[in-house]
Amino acid sequence: MNKPMRDTRAKTKLRLVDCDIHPAQKSPATLFPYLESRWVEHLKTFGTFTRQALVGQLSYPRMTANGMRIDAKPEEGPPGSSLQLMQEQHLDRLGIEQGHLVALGRGGMEERNPDLSAAMSRAVNDWQVAEWLEPEPRLRGGIVVPQDNPEAAVAEIARRADDPRFVQVIMSTRPNEPLGDRKYWPIYRAIAEAGLPLCLHPAGYSSGKPSTGTGWPSFYFQEHYTFVPGSEALVTSLVISGALEAVPDLRIAIIEGGFSWAPALGWRMDRHFDTFRAEVPHLTMKPSDYMRRHFWWATQPMEEPKNGRHVQDVIDWIGWDRILYSSDYPHWDYDDPDFIFKFPLDTWQREAVFGGNARALYGGRA
Amino acid sequence: MTRLPRIDVDFHVPQAPMADLLGYLDTYFRQQVTDREIHTQPFRLSSYPANSPLTCGAVLADRPVPEALDALGSDIAIASDLHGVVSLHNPDMRAALMSAVNDHLAATWLDTDPRLRGSIYVSMEDADLAVAEIERLAPDPRFVQVLVLAAQEAPHGQRRFWPIWEAAARHGLTLAIHAGGVFRLAPSVAGWPAYQFEDYVIQSQTFENILVSLIGEGVFQKFPDLRVVFLESGFAWLPMTLWRMDKTWRGTRQEVPWLDRPPSEIIRDRVFVSLIPCDPPGPDEVRQVLTHLGGTDMLLYASDHPHRQFDGHDPLPEGLPEADLPAILAGNALRAYPRLAADPAVSRLAPRKQEAV
């Protein structure tokens with residue numbers, strides 16, 4: 001038997017696409033130039049209003065410098081807020097051809113005030129254009145939408161869809177309802193009509209519901225894990241609700257939600273589909289067929305079983321054409337492409353995961 | 001092939017009719033329950049509606065209990081009654097009715113079929129009352145586990161529940177966590193699913209979080225004798241959860257300093273999972289999951305009777321290694337259940353696995 005070994009040739013001559021880079025604002029005031037004065041005054045007076053106890057921070061303190069790479073802190077502002085540092089220590093160093101911005105937080109995704117949520121999404125998208133996409137052509141944007149204000153979300157997609165620098169639409173994995181809920185279907189139709197993929201990326205902000213089906217965990221060690229079942233629940237909901245039957249050309253990238261659970265979830269849904277079939281006559285295929293038709297999966301945080309080849313078994317089930325490299329720069333659990341695979345990849349697999357699959361998914365925009 | 005002894009760790013007896021519980025209540029609660037016509041209510045958990053194909057779809061579902069045990073070839077079966085009284089908010093009435101369910105189980109099933117062993121069914125919402133119930137029934141050696149549902153108001157590892165786990169461990173009772181819940185909270189962070197199919201699928205995700213909770217809070221270090229069994233949880237998700245926990249532990253161990261080893265090592269010999277439902281679709285996938293899991297030591301044979309989890313008469317899925325079958329069918333249960341190991345009628349069925357020489 002071959003001894004599993006690290007795949008160390010990942011970076012060489014690859015046209016690398018990184019599907020998960022987090023830009024940050026230097027301060028809340030960074031967004032003010034992109035907001036109407038009414039909302040600037042509102043934010044100064046009332047701030048944001050989300051479904052959690054604390055303003056602008058989480059009740060599960062992160063590890064390692066507020067969840068960030070210690071070396072990613074610029075002289076001014078938080079990690080991810082300096083384009084120059086991002087270029088030096090990430091884009092240039094890894095030789096990234098394209099990097100996809102996932103603008104978390106302050107994008108209005110979790111804001112309760114419906115009008116403020118729409119205004120903040122618009123502002124974050126304008127900010128991406130002005131401060132990231134204009135000065136750095138290697139970067140691509142993600143359209144942040146106020147997902148729980150579907151009408152405004154659809155309008156925001158329409159506002160951005162013609163700008164080829166935006167390559168996807170971003171929704172939080174902590175929405176108010178399971179994402180298969182019909183209130184979200186107009187958003188999915190707008191995304192599909194724009195020819196864009198949907199990116200589902202976890203955010204630490206609360207949905208107002210405990211982060212597990214049995215209550216709030218105590219430790220960040222446990223809260224970190226909830227991103228996995230949280231993403232599993234959304235895939236389950238999108239498949240079983242019939243949303244993917246209603247919007248058959250919707251393509252969804254699961255970013256930072258893990259991928260190694262995909263086979264077990266597909267098997268589980270298929271196993272019990274037989275039992276519950278009469279309840280869900282709207283499904284015309286077995287659930288795993290919807291998973292294979294609709295989903296792409298990002299690598300970070302990469303699984304590291306003792307035998308690295310077990311990851312290969314998982315990807316064999318998912319399909320090597322559906323795995324997307326992601327770094328999660330500048331977060332503490334960042335994945336370097338040179339270290340993530342603990343088994344040797346074939347050249348075609350390496351080319352697919354580190355760029356080819358992203359270029360295929362994001363079409364002319366990536 | 002010679003017939004191997006079977007210990008079925010997840011066998012459901014018919015739910016006790018409310019009227020049958022009246023005789024186990026004291027005067028006060030008997031009057032409360034009858035005056036308020038509480039005993040006329042069905043008390044079915046919405047996870048298992050009476051006529052749903054999941055609840056009653058098994059081939060043997062209509063057979064009386066002894067015949068079902070015969071047909072399944074069970075030498076021993078751990079019986080439970082997932083009674084809906086667990087969902088009552090009134091802590092005293094809930095405890096009284098759950099005691100009645102447990103007494104009814106003993107009188108109706110444990111007294112009449114020597115193959116059956118019992119579950120001490122408790123609510124986690126009042127630890128004092130749960131401990132009292134464990135103390136009340138622990139002297140009866142036929143009760144081999146403390147049974148709680150998966151979806152609770154708070155994760156199972158939290159310190160508020162430690163008195164219950166302490167009492168269980170002290171009496172050699174295994175903590176069994178069964179699928180289902182009291183629906184106090186949304187069953188996932190995403191919210192309330194629209195379909196029962198979806199609700200059932202995501203229950204295994206709750207078990208993932210329960211395992212991470214028990215590990216992260218240090219329950220296994222605090223109670224070195226406690227064994228935990230997941231019932232109807234599925235097991236295909238386990239390898240991924242162990243990979244992820246081990247990796248996250250490396251980055252977050254300062255926060256949980258009592259975890260002195262990777263979580264996957266801590267749960268060895270402490271956590272067991274029932275074989276049913278077996279989600280992998282065929283023998284190749286079963287073998288792959290077991291390879292990723294590092295073997296079959298955590299697996300316990302179960303039928304989940306009368307829930308529909310298998311076609312035909314035999315719950316045993318294909319793809320299990322032949323050499324491991326005696327352990328999966330009975331031997332592992334002796335490691336999971338100290339009370340079964342101590343019961344000569346049971347332990348003679350399945351000699352404990354020999355240590356490797």
Side-chain angles (χ1 to χ4, degrees), chain A residues 63-64 173-181 207 209-222 224-226 228-230 232-234 236-237 240-241 258 260-261 263-265 267-273 275-280 287 301-305 307 310 313-314 332-333, chain B residues 53-54 57 150-158 181 185-198 200-206 208-210 212-213 216-217 234 236-237 239-241 243-249 251-252 254-256 277-281 285 288-289 291-292 308:
Chain A
M63 307 304 292
T64 315
T173 57
R174 292 188 171 176
N176 284 6
E177 300 293 338
L179 284 182
D181 191 283
S207 64
K209 294 166 292 278
S211 50
T212 88
T214 186
W216 299 100
S218 309
F219 301 100
Y220 179 57
F221 166 76
Q222 298 158 332
H224 186 276
Y225 187 85
T226 67
V228 169
E232 287 182 280
L234 293 184
T236 309
S237 172
I240 291 178
S241 66
S260 59
W261 43 267
L265 179 62
W267 296 334
R268 182 168 176 82
M269 287 198 286
D270 286 354
R271 166 75 65 189
H272 301 286
F273 182 46
T275 305
F276 286 96
R277 192 181 288 251
E279 194 201 16
V280 285
M302 177 53 90
E303 308 295 356
E304 295 178 21
N307 183 342
H310 293 169
D313 293 335
V314 171
W332 71 288
D333 44 356
Chain B
L54 171 69
Q152 300 282 345
E153 287 185 318
H156 297 59
Q158 288 193 349
L185 306 170
S188 87
V189 64
W192 296 90
Y195 300 96
Q196 291 180 19
F197 176 22
E198 184 181 340
Y200 189 73
V201 166
I202 65 176
Q203 293 203 24
S204 66
Q205 297 156 22
T206 298
E208 295 173 32
N209 283 315
I210 291 171
V212 178
S213 171
E217 305 269 350
W237 52 269
M240 169 276 296
T241 301
W243 299 343
R244 180 59 71 104
M245 275 199 293
D246 281 358
K247 176 165 179 176
T248 308
W249 169 75
T252 62
Q254 308 98 309
E255 191 198 24
V256 281
C278 178
D279 294 332
E285 291 84 357
Q288 181 178 300
V289 171
T291 301
H292 291 181
R308 180 183 156 180

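All values reported here derive from a predicted model rather than from experimental measurement. Quick note on labels: first sequence line is chain A, next is B, and so on, each numbered from 1.
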Just verifying a value: how many Å separate A:T236 OG1 and B:Y200 OH, rounded to the nearest 0.5 Å? 13.5 Å
Can you find a pair of side-chain heavy atoms, one from A:W261 and one from B:W237, that are under 4.5 Å apart? no
Side chains of B:T252 and A:H224: closer than 4.5 Å at any heavy-atom pair? no
Please find the pair of heavy atoms, one from [X] and one from [Y], that lie closest to each other, and give the distance.
X: A:H272; Y: B:P277; answer: CE1-CB, 3.6 Å
X: B:P53; Y: A:T275; answer: CG-O, 3.1 Å
X: A:S260; Y: B:M240; answer: OG-CG, 2.8 Å
X: B:V212; Y: A:Q222; answer: O-NE2, 3.5 Å

Quick one: what part of [X] sits under 4.5 Å from any heavy atom of chain A, side chain, backbone, both or neither?
X: B:P193; result: backbone
X: B:P280; result: both
X: B:V201; result: both
X: B:W192; result: backbone
X: B:Q158; result: side chain

For [X], which atoms come within 4.5 Å of any heavy atom of chain B: side chain, backbone, both, or neither?
X: A:S207; value: side chain
X: A:N176; value: backbone
X: A:R174; value: side chain
X: A:W216; value: backbone
X: A:M269; value: both
X: A:D270; value: neither

Who wins among [options] for the most heavy-atom pairs under 4.5 Å with chain A?
options: B:T206, B:L185, B:T241, B:V289; value: B:T241
options: B:I210, B:D279, B:T248, B:V256; value: B:D279
options: B:G234, B:A150, B:C278, B:G181; value: B:C278
options: B:Q203, B:Q254, B:E217, B:H156; value: B:E217

Option in [options] with maximal non-hydrogen atom pairs under 4.5 Å from chain B:
options: A:H310, A:M63, A:K209; result: A:H310
options: A:P217, A:S218, A:P175; result: A:S218
options: A:G230, A:P301, A:P305; result: A:P305
options: A:S237, A:P287, A:P263; result: A:S237

[X] side-chain N/O to [Y] backbone N/O, donor-acceptor pair under 3.5 Å:
X: A:E279; Y: B:F197; value: yes
X: B:S188; Y: A:G213; value: no
X: A:R268; Y: B:I202; value: no
X: B:E255; Y: A:F219; value: no

Stacked cation flag B:R308 on A:F276, 6.0 angstrom / 45 deg: no
Can you name the residues that form a salt bridge (charged side-chain N to carboxylate O under 4.0 Å, His left out) with A:E303, not counting sequence neighbours? B:R244
Under a plain distance cut-off of 3.5 Å, with no hydrogens placed, do A:S241 and B:E198 share a side-chain donor-acceptor pair? no
